[in-house]
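Heads up: the structure comes next, in structure tokens.
A, B, ... follow the sequence lines: proteins, then strands. Residue 1 opens every chain. Note that the coordinates shown come from a computational prediction; the quantities given were computed from them, not determined experimentally.
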Amino acid sequence: QYGETKVQSLQPTLIEYSSPNTNKPLHLGHIRNNLLGYSVSLILEACGKNPIKVNLINDRGIHICKSMLAWQKFGKGETPESANMKGDHLVGKYYVEFDKHYKTEIQTLKSQGMSDEEAAKQVPLMLEAQEMLRKWENGDEKIHALWQMMNDWVYAGFDQTYRRLGVDFDKTYYESKTYLLGKALVEEGLQKGAFYRKADGSVWVDLTAEGLDEKLLLRSDGTSVYMTQDLGTAELRYEEFYPSQMIYVVGNEQNYHFDVLKLVLEKKLGKEFGKEIHHLSYGMVELPCGKMKSREGTVVDADDLMEEMILQARESTEALGKIDFTSEENSKLFEMIGLGALKYFILKVDPKKNMLFDPAESIDFNGNTAPFIQYTHARIKSLLRKALADQVDLKVQNSDDIHLGINEYDLIKMLYAYPQVVALAGENFSPALIANYVFELAKDFNRFYQEVPIFKEEDEEIRRIRLQISQFVALVIKQGMRLLGIEVPEKM
RNA sequence: GGCCCCGUAGCUCAACUGAAUAGAGUAUUUGACUACGGAUCAAAAGGUUACAGGUUUGAAUCCUGUCGGGGUCACCA
């Protein structure tokens, strides 16, 4: 029952993760982000904290206008229904479409003798997109209707992806509603003399004394930038929840951004809550060919990947000839194994580190993998079913006078360590610690299982002890895997 | 170029934050009771922890330098 306590009166711990853009579907990088955020929230909960999961959807800006414009120009009224496509994929298709036309137009301009820079400034399609953004910001009704419609398509798609991945949120913020925040803080900083205004009206903060650069906080036209919004959003959340900690699950490419964010809040503005911000920075998922780039089509799509994993689980299971279940049980099992393998593959790596994903070799089902652990669990459950059928009483009668073998001793020691592992994982925000522990436990059990007879053991008392150890191992495996967001089957 | 992160078996990852012989998985080779479920287990082999110095009783871990890889330095988010 580790992990089931939740003290409501505790100050909450805010954890932001996922934070997608609404111009394209989720990919492998988001998967690492989502799995981490969700798992860390479960681990914190198990450590007696009160996590609140929040998502901040980037639903406005030039990139969304690109998709909108491309759809308007080339879409011929296509909808997710008419195209028989998930909404996020459809919108993503037009984002790519925009880029294609953009490149053609820029080529045309260059062939007319323009320089790269000149051409980039004058691409008609880009000018139109910028015009669209201006209209959006001025509240143009038609543009807002289009924006709303296409975003709704995307949300429907995201919901499906999130649900399949098994993650959720307590609260969702939309950037369209928060992007104006932070201006008051900028004003405050100006009055304190922490920031300064340049001749063109733009506002800056000088962090050169802290070893960083000068950073823009407000454009010369008075509009806010990413940093401004993040300052404002942090304050908003602080006032809304009074959290003891605010965790941001964001890739390590934004380390610099968060250094600045903390510095500005803590040192420049003297905000206490700046201290409570923690950037849970995770490494990138690299492909054998290098970094993922959406424009070059080298992204691994989240939906495709999940589908592929589940398919592989099916094939492996059928190859092993284990299909004496009903078809409904089957599909549930294949999801459990396929998604389990994917989640474990990603979570077992230290979050801080970059990791490699090779689609060709795909994800193994043997060795240090979720299916291995799931198999161990299923096997123990099978033992326990047999014990139940044979009406074996698991209760150890006389625990004083028992000689444990080295295998039993090791397993018991291992089981005892579990709460410490969870605590450590909580302190370090590292699901990997739990993954590695559970794997060790499963491995130790398999050795035990292989080397030591259970039902064939003649001494009744020893038999009971072995069964009980098995039962506990299964329990801890199940609990540990649950903290990774991975389910574990009764049989497989 | 400035700043930040990383470099551990062929490959993918560990190493309780400075401790004793650097561990797993995978790939390779070999073996396992007519099975309590073989998606398992056992064994062999695989390393000068990128390199060179330094600190320490003790370094993969801390410091300095070199080489190699990545990130970041937008009036994008």
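Atom-to-atom distance recorded for Y102(A):OH and M126(A):CE is 4.5 Å, nearest 0.5 angstrom. Taken to the nearest 0.5 Å, the NZ atom of K413(A) stands 13.5 Å off from the OH atom of Y416(A). In this structure, the separation between NE2 on H63(A) and CG on N23(A) is 5.0 Å, given to the nearest 0.5 Å.
Annotation for K352(A): atom NZ does not count as buried by contact number, only 12 or fewer foreign heavy atoms lying within 6.0 Å. Atom CD of E487(A) sits in a sparse spot, with 12 or fewer heavy atoms from other residues, nucleotides or ligands closer than 6.0 Å.
Where RNA chain B pairs in unbroken runs of 3 or more (Watson-Crick or G-U, both distances under 3.5 Å), the stems are B:1-7 with B:67-73, B:10-13 with B:23-26, B:28-32 with B:40-44, B:50-54 with B:62-66.
The pair K121(A)-E118(A) fails the salt-bridge criterion, with no side-chain N (NZ, NE, NH1 or NH2) lying under 4.0 Å from an Asp/Glu carboxylate O. A salt bridge between K332(A) and E335(A) is absent, with no side-chain N of the basic residue lying under 4.0 Å from a carboxylate O of the acidic one. Ion pairing between a basic and an acidic side chain is recognised when a charged N comes within 4.0 Å of a carboxylate O; R464(A) and E460(A) show such pairing. Salt bridge R134(A)/E131(A): present, at least one basic N to carboxylate O contact under 4.0 Å.
In this structure, the CZ atom of F334(A) is 13 Å from the C1' atom of A39(B), given to the nearest Å. In this structure, E210(A) places its CD atom 16 Å from C1' of C4(B), rounding to the nearest Å. L320(A) has its CG atom 11 Å from the C1' atom of U40(B), to the nearest Å. One can place CG of L207(A) at 13 Å from C1' of C3(B), the figure rounded to the nearest angstrom. Distance Q374(A) CD to G38(B) C1': 18 Å, rounded to the nearest Å. Rounded to an integer number of Å, the gap from CZ of F445(A) to C1' of G37(B) is 11 Å.
Comparing G70(B), A39(B), C33(B) by their nearest atom to the side chain of Q450(A) picks out C33(B).
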I'd like to compare against my own output: the B/S/- annotation of nucleotides 12-28 of chain B with a strict under-4.0 Å heavy-atom distance to protein. SSS--B------SSS--
Nucleotide by nucleotide, nucleotides 72-77 of chain B touches protein heavy atoms under 4.0 Å in the pattern (B base, S sugar-phosphate only, - none) SS-BSB
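Two residues are said to be in side-chain contact when any heavy atoms from C-beta on lie closer than 4.5 Å; S281(A) and F258(A) fail this criterion. Between R466(A) and F455(A), every side-chain heavy-atom pair lies at or beyond the 4.5 Å cut-off. Side-chain contact between S19(A) and V250(A) is absent, with no heavy atoms from C-beta onward closer than 4.5 Å.
For the ring pair (Phe, Tyr, Trp, His ring centres under 6.0 Å) with Y162(A), the qualifying choice from Y17(A), F169(A), Y155(A) is F169(A), the only one to do so.
Within the nucleic acid shown, S281(A) has no heavy atom closer than 4.0 Å to any nucleic acid atom. Counting any heavy atom pair closer than 4.0 Å across all strands shown, A387(A) reaches no nucleic acid atom. Among the heavy atoms of the strands, none lies under 4.0 Å from L212(A). Backbone-only engagement by M284(A) is indicated by non-hydrogen atom pairs under 4.0 Å involving sugar-phosphate atoms exclusively. Residue contacts for V250(A): at a heavy-atom cut-off of 4.0 Å it reaches no nucleic acid atom on any strand shown.
Only the C1' atoms considered, A35(B) is 16 Å distant from A42(B), to the nearest whole Å. With P as the reference atom, U61(B) and A44(B) are 29 Å apart, rounded to whole Å. Of the C1' atoms belonging to A15(B) and U49(B), the separation is 11 Å, rounded to the nearest Å. The C1' atoms of G70(B) and G31(B) are separated by 44 Å, rounded to the nearest whole Å. Across G23(B) and G38(B), the matching C1' atoms stand 25 Å from one another, rounded to whole Å. Using atom C1' as the reference point in both U57(B) and G18(B), the two lie 12 Å apart (nearest Å). Across A39(B) and U66(B), the matching C1' atoms stand 47 Å from one another, rounded to whole Å. Nucleotides G54(B) and A60(B) place their P atoms 15 Å apart, quoted to the nearest Å.
For R379(A), a side-chain nitrogen or oxygen approaches OP1 or OP2 of G38(B) to under 4.0 Å. The side chain of R447(A) places an N or O atom within less than 4.0 Å of a non-bridging phosphate oxygen (OP1 or OP2) of A42(B).
Residues I380(A) and N252(A) each lie close to RNA chain B; by heavy-atom proximity, the contact nearer the 5' end of the strand is made by I380(A).
For the 3.5 Å distance criterion, the side chains of D59(A) and S176(A) qualify, holding a donor opposite an acceptor.
One cannot find a donor-acceptor pair under 3.5 Å joining the base of A39(B) and the side-chain atoms of T376(A).
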Using distance only, find each side-chain donor-acceptor pair of residues 262-269 of chain A under 3.5 Å and give its atom names and separation, not counting sequence neighbours.
residue	atom	partner	partner atom	Å
K262(A)	NZ	G274(A)	O	3.3
K262(A)	NZ	K275(A)	O	3.4
K262(A)	NZ	I277(A)	O	2.8

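If you check residues 120-137 of chain A against RNA chain B, you find no residue with a heavy atom closer than 4.0 Å.
Applying the 90° cutoff around 0 to the glycosidic angle, U49(B) is assigned anti.
For D200(A), the salt bridge (Lys or Arg N to Asp or Glu O under 4.0 Å) test picks out no residue, with sequence neighbours left out.
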